[in-house]
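Written below as structure tokens is the structure these notes are about.
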Amino acid sequence: MLTIYVDPKQQDQVVQLSDQDRGYLSVSKQANTARYTFYFVGHQHPSFWHDGQLTDGAEETVRTIDGVQHYRIAFR
């Protein structure tokens with residue numbers, strides 16, 4: 001499981017992964033909630049979005065044709 005380190009006080013930001021890769025977090029408004037979109041460069045880690053409040057320790061499972069990737073959100 002990869003950990004994504006997120007600053008909960010910042011909206012759009014560069015994020016660090018536990019394997020030293022980097023990505024980008026973009027926050028947008030969707031209907032009555034926030035959408036957190038995580039983008040990763042290349043094909044090693046699939047990008048995904050999360051609707052609703054982000055919480056420290058939250059886990060996401062992303063399924064793609066290349067397999068399954070598990071992420072954990074960690075506030076820093």
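Predicted model, so just to flag it, every value in this text is computed and none were measured.
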Taking the six-membered ring for Trp, are the ring centroids of Tyr39 and Phe48 within less than 6.0 Å of each other?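 No, the ring of Tyr39 stays outside the 6.0 Å limit from the ring of Phe48, centre to centre.
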Are Val27 and Val6 linked, directly or through other ILVMFWY residues, by side chains that come within less than 4.5 angstrom of each other?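 In one cluster with Val27: Val6, yes.
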Do Trp49 and Phe40 sit in one hydrophobic cluster, given that two such residues count as connected whenever their side-chain heavy atoms are within less than 4.5 Å of each other, even indirectly?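 Cluster IDs for Trp49 and Phe40 differ.
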Do Glu59 and His70 pair up side chain to side chain, a donor and an acceptor below 3.5 Å, judged on atom types alone? no
Any [X] side-chain heavy atom under 4.5 Å of [Y] side chain:
X	Y	result
Val62	Val68	no
Phe38	Leu17	no
Ser18	Tyr71	no

Could you report the tightest heavy-atom contact between Pro46 and Thr64, atom names first, then the distance? CB-CG2, 3.6 Å
Out of curiosity, [X] [atom1] to [Y] [atom2], how far, rounded to the nearest 0.5 Å?
X	Y	atom1	atom2	value
Tyr36	Ser26	OH	OG	11.0 Å
Gln20	Arg22	CD	CZ	8.5 Å
Asp56	Arg72	CG	CZ	10.0 Å
His50	Thr55	NE2	OG1	6.5 Å
Thr37	Tyr24	OG1	OH	10.5 Å
Asp66	Gln44	CG	CD	11.5 Å

Walk me through whether Lys29 and Arg35 qualify under side chain to side chain contact (heavy atoms under 4.5 Å, CB included). CA-CA 6 Å; Lys29 187 168 173 88; Arg35 173 169 283 178; over 6 Å; no
Kindly indicate, with the supporting measurements, whether the criterion salt bridge (Lys or Arg N to Asp or Glu O under 4.0 Å) is fulfilled by Arg76 and Asp7. CA-CA 5 Å; Arg76 57 179 171 151; Asp7 181 349; 5.6 Å; no
Within a 6.0 Å radius of atom CZ on Phe75, are there more than 12 heavy atoms belonging to other residues, nucleotides or ligands?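 Enclosed: over 12 neighbouring heavy atoms sit under 6.0 Å from CZ of Phe75.
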Which one of Asp21, Leu25, Val15 satisfies the side-chain contact (heavy atoms from CB on, under 4.5 Å) criterion with Ile4?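 Only one option passes, and that is Val15.
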